[in-house]
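Below is one structure; the comments refer to it alone.
Remember, predicted model here, so these are calculated numbers, not experimental data. Whatever order the structure lists ligands and atoms in, that order sets their numbers, starting from 1. The figures that follow rest on heavy atoms only: side chains count, while hydrogens, waters and symmetry mates do not.
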Amino acid sequence: MQQRIFNFSPGPAILPEPVLEQAREDLWSIDDSGIGILEQSHRGATFERVIEEAEKDCQKLAGISDDYAVLFLQGGASTQFYMLPANFLPSDGTADYLVTGSWSKKAVKEAEYYGGVHVACTSKDANFSYIPAESETRYSEAPAYVHFTSNNTIFGTEFRTEPTPPGLRVTPGSPATPPATSSRGPSKWSATASSTPAPRRTSGPLGSRW
Ligand SMILES: Cc1ncc(COP(=O)(O)O)c(C=O)c1O
């Protein structure tokens, strides 16, 4: 097929053509090496250059300081529902969850396998049609972290401002890039333990709202 079409879907959407063209070229042969990026050694200089450049670009785009590592992980955002508590929630600890839709409900379920979960607020009473006010959010005494889903893609609500639990590290849920229309990460990285953006939607494809 020669002609490309428009795709306005809210999930993966179209990419800029120069990006696609470069990807196509580099898949065939990168840096004039005669082989594509998928065929290069994952310990070789070419791959090292690409991964380092990708990490730097992400840091620049999302305003991430050198204090944070950018990880390119498999498993999608759903994997982070258990990877986060596996890494940040001690078995005798408690994590606070702001339950505002399907994704946070799933995140709670996974966290419960690892430690205590405290639901600091929820909009379940009205089928997740609103974001509870910060004044109605009740944090536990010393949570290991606070988790929220900045953009509730199924129920159509989003946090306009990030929650501000006093003195705590916030763990924006997935894909977490408030405000949702921007390609930047959390505004307060210093208060963030981990953020799970979904690049193919949150910070990448043109036309995508996430
Ligand atoms: C807010 C949010 N969290 C989590 C997910 C799950 O992401 P994945 O399909 O990458 O597991 C989605 C996917 O649509 C999402 O919109």
Side-chain angles (χ1 to χ4, degrees), residues 7-15 19 23 54-55 57-58 61-62 64 68-89 95-114 117-124 126-132 134 137 143-163 165 169-189 191-210:
N7 168 18
F8 294 109
S9 97
I14 58 171
L15 282 164
V19 172
E55 177 162 0
D57 286 349
C58 287
L61 192 67
I64 304 168
Y68 289 83
V70 177
L71 305 174
F72 299 95
L73 301 170
Q74 298 182 19
S78 301
T79 301
Q80 292 310 306
F81 293 158
Y82 69 83
M83 290 296 282
L84 283 171
N87 284 290
F88 292 111
L89 181 56
D96 285 9
Y97 278 72
L98 280 56
V99 180
T100 51
S102 316
W103 304 114
S104 37
K105 270 201 315 192
K106 287 184 180 178
V108 164
K109 194 172 161 222
E110 296 297 331
E112 281 169 344
Y113 289 112
Y114 292 90
V117 168
H118 168 74
V119 175
C121 70
T122 180
S123 45
K124 194 174 163 208
N127 196 28
F128 303 114
S129 57
Y130 68 100
I131 298 288
E134 182 104 60
T137 303
Y145 59 82
V146 174
H147 178 283
F148 73 103
T149 306
S150 59
N151 189 3
N152 297 290
T153 48
I154 289 185
F155 287 92
T157 60
E158 68 179 300
F159 281 81
R160 294 287 169 179
T161 55
E162 290 153 53
R169 287 160 77 78
V170 182
T171 298
S174 52
T177 306
T181 43
S182 119
S183 60
R184 299 187 65 77
S187 62
K188 288 176 301 202
W189 277 102
T192 301
S194 158
S195 172
T196 309
R200 76 178 190 277
R201 301 174 299 227
T202 318
S203 48
L206 200 68
S208 169
R209 198 183 160 275
W210 297 2

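Under the side chain to side chain contact (heavy atoms under 4.5 Å, CB included) criterion, Thr157 pairs with Ile131, Asn152, sequence neighbours left out.
Proximity to Thr153 (heavy-atom distance under 4.0 Å) selects the following atoms of ligand 1: 1 (C), 2 (C), 15 (C), 16 (O). Near Gly76, meaning under 4.0 Å from one of its heavy atoms, ligand 1 places the atoms 10 (O), 11 (O). Annotation for ligand 1: atoms under 4.0 Å from non-hydrogen atoms of Thr149 are 1 (C).
Checking only distances, Asn151 never comes within under 3.5 Å of ligand 1, N or O to N or O.
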Trace of the side chain to side chain contact (heavy atoms under 4.5 Å, CB included) decision for Val108 with Val99: CA-CA 8 Å; Val108 164; Val99 180; 3.8 Å; yes
Is there a side chain to side chain contact (heavy atoms under 4.5 Å, CB included) between Thr122 and Phe128? Walk through the geometry before answering. CA-CA 8 Å; Thr122 180; Phe128 303 114; 3.7 Å; yes
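Remark: aromatic rings of Tyr113 and Tyr82 are distant, center separation not under 6.0 Å.
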